[in-house]
Each structure stands twice: as C-alpha cells, then as structure tokens.
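Taking it in order: structure first as structure tokens, then the write-up.
The figures that follow rest on heavy atoms only: side chains count, while hydrogens, waters and symmetry mates do not.
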Amino acid sequence: MGWDVMELILEAARSAGCQLVDLTGGAPELNPHFRYFVEALRREGHQVKVRTNLTVLLKPGMEELPEFFRDHQVQLVASLPCYLEENVCAQRGKGVYERSVAAIKRLNALGYGSHPELPLYLVYNPGGPFLPPPNRP
C-alpha cells in the first residue's frame, strides 16, 4: 500500500469518526510507510491495532519496533499457530516457535499483556480443516 492510499484511509477515518484502525496484511510492519502511518493515526486520536506474526519483530531493521508499539500504545494481535512447539514448527517452519516466544517475552518486558493500555492478544491458528476449541475463562 502506498502513502497515497494511506492518506485516503486517514481522511476516511477522520470523516467517519473512526475510533479504532485495525492494520493487517502479510506483515503490515514491513511497509516502508508503516511507522509514519501509525504516528499519523495516533496524532488524529485513533486507536491502532496491528495484527502481527511476532517473528517480524526480530527481523533486521525491526529491532526498535516493540518500543515504537509501546510508545504509540498500539494494540497487538499476534498470530501463533499453536502453543506446542512441534505444531508451530510443522505449520510455519523450524525455529518459528522459539522466535515467537522470544518476541512475546520482549513485548511482555515492555508492559504488553500486563498494562491495560498495552494489550497483547494471541490468536490460535490451527492447522487443518477444523475450528479451535471454545475459549474458557
């Protein structure tokens, strides 16, 4: 997505009185305009939610992204295929589980998951033609 489209989204969010803008994609953080877009949304008073795969937070050039998220109070929804290492590796490849856990620990150290303004939602992505079990309190 180019900056011209992002400007249209900013205008639409402003016009609609949008409270929350939910950013998703393969890895929205990799867009070269991503940080400027988040900053613009926050300046206009919009809450921002980003759907992340976690491992992108450990990529070269992304080392400061967790702090950026914290500083802009970005809500995070992190996809994790399973809580079992073998299932994650089978679905996403060797080493993904370890990198995902490392990213979660880094986010936790910054306050994600323990401060109300820094929510971290983990989304279970089962492999196969079935739905995950219902959430239980």
Side-chain angles (χ1 to χ4, degrees):
M1 180 184 312
W3 180 250
D4 56 332
V5 175
M6 291 177 174
E7 285 181 314
L8 293 171
I9 293 168
L10 282 165
E11 179 57 38
R14 186 181 311 116
S15 297
C18 184
Q19 293 181 21
L20 174 69
V21 176
D22 190 334
L23 304 176
T24 190
E29 306 94 331
L30 297 178
N31 185 296
H33 307 294
F34 174 79
R35 292 182 197 211
Y36 187 68
F37 187 47
V38 169
E39 289 169 344
L41 288 164
R42 294 297 289 140
R43 269 194 309 275
E44 294 200 16
H46 306 291
Q47 288 294 316
V48 176
K49 181 183 287 184
V50 172
R51 296 178 186 271
T52 181
N53 70 10
L54 294 170
T55 59
V56 71
L57 304 178
L58 304 176
K59 296 283 186 196
M62 300 289 156
E63 298 87 358
E64 296 167 8
L65 194 54
E67 288 81 7
F68 174 84
F69 285 151
R70 178 203 57 207
D71 294 348
H72 292 87
Q73 295 186 337
V74 173
Q75 302 172 24
L76 296 177
V77 178
S79 104
L80 190 63
C82 187
Y83 55 89
L84 298 172
E85 182 175 4
E86 65 186 73
N87 292 358
V88 174
C89 291
Q91 189 174 21
R92 293 214 178 144
K94 186 171 173 52
V96 172
Y97 180 83
E98 294 88 356
R99 291 192 305 273
S100 296
V101 170
I104 290 169
K105 287 181 177 181
R106 179 139 181 243
L107 292 166
N108 288 159
L110 293 172
Y112 273 93
S114 60
H115 297 296
E117 67 276 7
L118 298 174
L120 173 60
Y121 303 100
L122 297 179
V123 178
Y124 173 70
N125 302 102
F130 53 85
L131 296 174
N135 288 334
R136 295 198 170 86

Residues L76, Y112; criterion side-chain contact (heavy atoms from CB on, under 4.5 Å); working and verdict: CA-CA 9 Å; L76 296 177; Y112 273 93; 3.7 Å; yes
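For the pair F37 and N31, the minimum side-chain heavy-atom distance is 4.5 Å or more.
Distance check, rounded to the nearest 0.5 Å: CZ of F68 to CE of M62 gives 11.0 Å. Rounded to the nearest 0.5 angstrom, F34 CZ and M1 CE are separated by 11.0 Å. Taken from NE2 in H72 to CZ in R42, the straight-line distance is 8.0 Å, to the nearest 0.5 Å.
Atom CD of E11 sits in a crowded spot, with more than 12 heavy atoms from other residues, nucleotides or ligands closer than 6.0 Å.
A salt bridge (charged side-chain N to carboxylate O under 4.0 Å, His left out) check over residues 26-41, counting only residues at least two apart or in different chains, returns nothing. Residue pairs satisfying the salt bridge (charged side-chain N to carboxylate O under 4.0 Å, His left out) criterion with at least one member in residues 83-96, sequence neighbours excluded, are absent. The salt bridge (charged side-chain N to carboxylate O under 4.0 Å, His left out) pairs that include a residue from residues 48-73 are D22-R51, E67-R106, where partners are two or more places apart or lie in different chains. Among residue pairs with one or both ends in residues 108-123, none qualify as salt bridge (charged side-chain N to carboxylate O under 4.0 Å, His left out); sequence neighbours excluded.
Heavy atoms only, all atoms of each residue included: P119 and P116 are closest at CD-O, 3.6 Å. Between G95 and C89, the shortest heavy-atom contact is N-SG, 4.1 Å. When all heavy atoms of V56 and A27 are compared, the pair lying nearest together is CG2-CB, 4.5 Å. Across all non-hydrogen atoms, the minimal contact from L80 to S100 is CD1-CB, 3.6 Å. Closest non-hydrogen pair, P28 versus V50, comes out as CG-CG1, 4.1 Å.
Here L110 is tied to no hydrophobic group at all, with no ILVMFWY side chain closer than 4.5 Å. Chaining together hydrophobic side chains whose heavy atoms lie under 4.5 Å apart places V77 alongside Y121, V123.
The side-chain hydrogen bond (donor to acceptor under 3.5 Å, both in side chains) search around R99 returns none, not counting sequence neighbours. Every salt bridge (Lys or Arg N to Asp or Glu O under 4.0 Å) that E44 has, sequence neighbours left out, goes to R14. Residues passing the side-chain hydrogen bond (donor to acceptor under 3.5 Å, both in side chains) test with N53, sequence neighbours excluded: T55. Taking A78 as the reference, T52, L54, L120, L122 meet the side-chain contact (heavy atoms from CB on, under 4.5 Å) condition, with sequence neighbours excluded. Qualifying ring pair (Phe, Tyr, Trp, His ring centres under 6.0 Å) partners for H115, counting only residues two or more places apart in sequence or in other chains: none. In this structure, the side-chain hydrogen bond (donor to acceptor under 3.5 Å, both in side chains) partners of E7, at least two apart in sequence or on a different chain, are W3.
The cationic atom of R43 (NZ for Lys, CZ for Arg) lies less than 6.0 Å from the six-membered ring centre of Y36 and within 45° of the ring axis.
Under the 4.5 Å side-chain heavy-atom criterion for Ile, Leu, Val, Met, Phe, Trp and Tyr, V96 and L58 are members of distinct hydrophobic clusters. No chain of hydrophobic side-chain contacts below 4.5 Å, direct or via other Ile, Leu, Val, Met, Phe, Trp or Tyr residues, connects L20 to V74.
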